[in-house]
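Below is one structure, written out as structure tokens, with a few remarks after it.
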Number of protein chains: 2
Amino acid sequence: MAERDRAYHHGDLRSSLVEVAAAMISEGGTASVTMRAIGSRLGVSRGAPYRHFSDKTALLVAVAVEGFKRLNRRLGASDTGASPSSVEKLRRMGEQYVRFALEHPAHYRLMYGKEALARQDQPELREAAGALLENLVEVIRVHQQRGEIEGGDPRAHAYVAWSAVHGLASLLIEKQIDPNVDVDELIRQTTRTLLGGLRDRGQA
Amino acid sequence: MAERDRAYHHGDLRSSLVEVAAAMISEGGTASVTMRAIGSRLGVSRGAPYRHFSDKTALLVAVAVEGFKRLNRRLGASDTGASPSSVEKLRRMGEQYVRFALEHPAHYRLMYGKEALARQDQPELREAAGALLENLVEVIRVHQQRGEIEGGDPRAHAYVAWSAVHGLASLLIEKQIDPNVDVDELIRQTTRTLLGGLRDRGQA
DNA sequence: AAGCTCTTGTTGACGCTGTCAACACCGAAT
DNA sequence: ATTCGGTGTTGACAGCGTCAACAAGAGCTT
């Protein structure tokens with residue numbers, strides 16, 4: 001956020017719109033995000049955004065895509081630091097995933113809420129979410145080769161893992177979980193149970 | 001739906017409103033549910049619902065509560081039939097859970113979408129969702145006593161299990177999962193992995 | 001039977017929303 | 001200097017949730 005508002009016609013609206021919309025979502029929830037409010041916050045009229053996004057939905061999709069990118073970056077960064085040799089790395093990825101959701105609940109909700117978005121398939125959104133999955137699949141494949149995770153289609157394992165962390169994140173965000181429980185411990189237990197199941201070889 | 005529309009002032013609006021709202025949600029998604037449309041579908045003006053619900057939110061909460069009750073009933077019913085002696089019963093509960101979500105996606109979305117509902121805590125909603133959790137905790141406790149599931153706080157295990165099935169249901173509903181994968185198999189794999197993790201005793 | 005009152009449904013109005021069409025403006029290319 | 005295309009503005013419209021004022025049937029009291 002350094003060299004903006006330079007040129008006349010506001011310079012680089014488009015990205016400012018996404019930025020401001022994301023900020024407003026974090027501050028006041030999706031409901032507080034209105035085309036008029038976004039414009040006014042940028043010193044611009046209500047109609048201006050329509051020169052850059054065909055639709056309010058299109059703008060929100062851009063915001064969601066940005067969210068997926070950030071989440072993806074964060075999961076990648078959870079790699080660094082002492083490179084633990086075991087599945088501990090995978091466990092930490094799960095932890096970071098849930099933590100991201102807790103830190104940006106409204107943004108996270110938007111990312112997965114088809115309700116507001118995606119009347120038709122939004123290719124950009126699909127691609128951003130797909131990248132997340134691909135990275136996860138790759139990590140799982142590595143651990144399979146190390147013999148730390150049972151064989152079989154790594155994609156299926158990835159879906160199972162994704163389900164576990166997304167489910168936990170979602171329940172936490174929607175306050176379906178007793179606020180008295182230790183969240184950190186619950187996250188740890190979830191990721192451990194998940195990995196325990198992935199490691200096991202027998203059928204249930 | 002047999003003896004309705006009898007008495008004068010429409011007879012039993014309130015429950016008709018919930019019924020119709022639920023139907024409209026299933027048919028056209030949450031966006032299609034408008035106070036005016038609900039009323040008109042019942043041959044009633046737009047203002048009538050306000051005699052029974054303070055708010056559109058209040059009406060939607062009632063719909064969500066109804067959804068939780070149905071889901072709960074269904075999970076209870078998954079008990080019957082050959083009473084499998086092992087954790088197979090628990091696995092089937094998870095299966096039924098996901099299936100419910102797939103059959104009523106918009107309704108399920110509403111049940112967990114704090115966005116639309118619950119500016120403040122809605123005690124009725126909390127209670128209905130709480131009943132779901134309590135039942136799950138009870139089942140887990142039984143299996144713990146049978147030595148089929150590792151010890152520790154059954155509530156924590158319940159949260160983990162709930163996260164897994166809710167996450168899978170959510171990803172499926174929001175079409176985050178490749179439509180080419182075999183959904184039945186994925187559900188089976190998820191529940192198996194989960195139970196494998198719960199059975200395991202070591203730490204990851 | 002008459003009247004009163006409470007509950008329930010109706011209607012007009014308000015402010016808010018997303019969106020479109022017509023317009024205004026500036027920067028750049030001719 | 002003029003033209004032109006991309007960008008921002010403004011007035012208008014329909015639809016929404018909601019409220020206040022009104023109407024009308026139901027049921028009780030006398």
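On a predicted model such as this, the values are computed, not experimentally measured, just so you know. Note: hydrogens, waters and symmetry copies are ignored here, and every other heavy atom, side chains too, is used. Convention: sequence-line order gives letters A, B, ...; per-chain numbering from 1.
- Paired with A:Leu90 under the rule side-chain contact (heavy atoms from CB on, under 4.5 Å), one option of A:Thr191, A:Leu136, A:Val142 passes, and it is A:Leu136.
- Across all their heavy atoms, A:Lys56 and A:Val33 have their closest contact at NZ-O, 2.9 Å.
- The nearest whole Å value for the distance from the CG atom in A:Leu13 to the C1' atom in C:dC26 is 15 Å.
- Contact detail for B:Ala164 and A:Ser163: the closest heavy-atom pair is O-CB, 3.9 Å.
- Of all heavy-atom pairs between A:Leu17 and A:Pro49, the closest is CD1-CA, 3.9 Å.
- At whole-Å resolution of the value, CZ in A:Arg36 and C1' in C:dG15 are 10 Å apart.
- In summary, A:Arg92 and A:Glu95 do not engage in a salt bridge, as defined by a charged side-chain N under 4.0 Å from a carboxylate O.
- One interatomic measurement links the two molecules: CZ of B:Phe53 to P of D:dG17, which rounds to 15 Å at whole-angstrom precision.
- Across A:Tyr97, A:Phe100, A:Tyr112, a single residue satisfies ring-ring contact (aromatic ring centres under 6.0 Å, His included) together with A:His166, and that is A:Tyr112.
- Of the candidate nucleotides D:dT18, D:dA12, C:dT10, C:dT10 has the atom lying nearest to any side-chain atom of B:Ala48.
- Nearest approach of B:Ala37 to B:Met24, heavy atoms of both residues: CB-CE, 3.6 Å.
- If you take CE of B:Met35 and C1' of D:dC19, they are 12 Å apart, rounded to a whole angstrom.
- Distance A:Asp55 CG to C:dC20 C1': 12 Å, rounded to the nearest Å.
- With hydrogens and angles ignored, a donor-acceptor pair closer than 3.5 Å exists between the side chain of A:Arg46 and the base of D:dG11.
- Using a 4.0 Å cut-off, no side-chain N or O of A:Thr34 falls inside it from OP1 or OP2 of C:dC16.
- Picking from C:dT17, D:dT9, D:dT18 the nucleotide with the shortest atom distance to the side chain of A:Ser45 gives D:dT9.
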Under 3.5 Å between N/O atoms: give me all the protein pairs with nucleotides 21-23 of chain C, atom names plus distance.
residue: C:dA22; atom: N6; partner: A:Arg51; partner atom: NH2; Å: 3.2

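- Between A:His52 and B:Tyr50, the one whose closest nucleotide on DNA chain D sits nearer the 5' end is A:His52.
- Remark: C1' of D:dT7 and CG of A:Leu17 are 12 Å apart, rounded to the nearest angstrom.
- When each of C:dG18, C:dT10, D:dG17 is scored by its nearest atom to the side-chain atoms of B:Val44, the top-ranked nucleotide is C:dT10.
- Atom CE in B:Met24 sits roughly 13 Å away from atom C1' in D:dC16 (whole-Å rounding).
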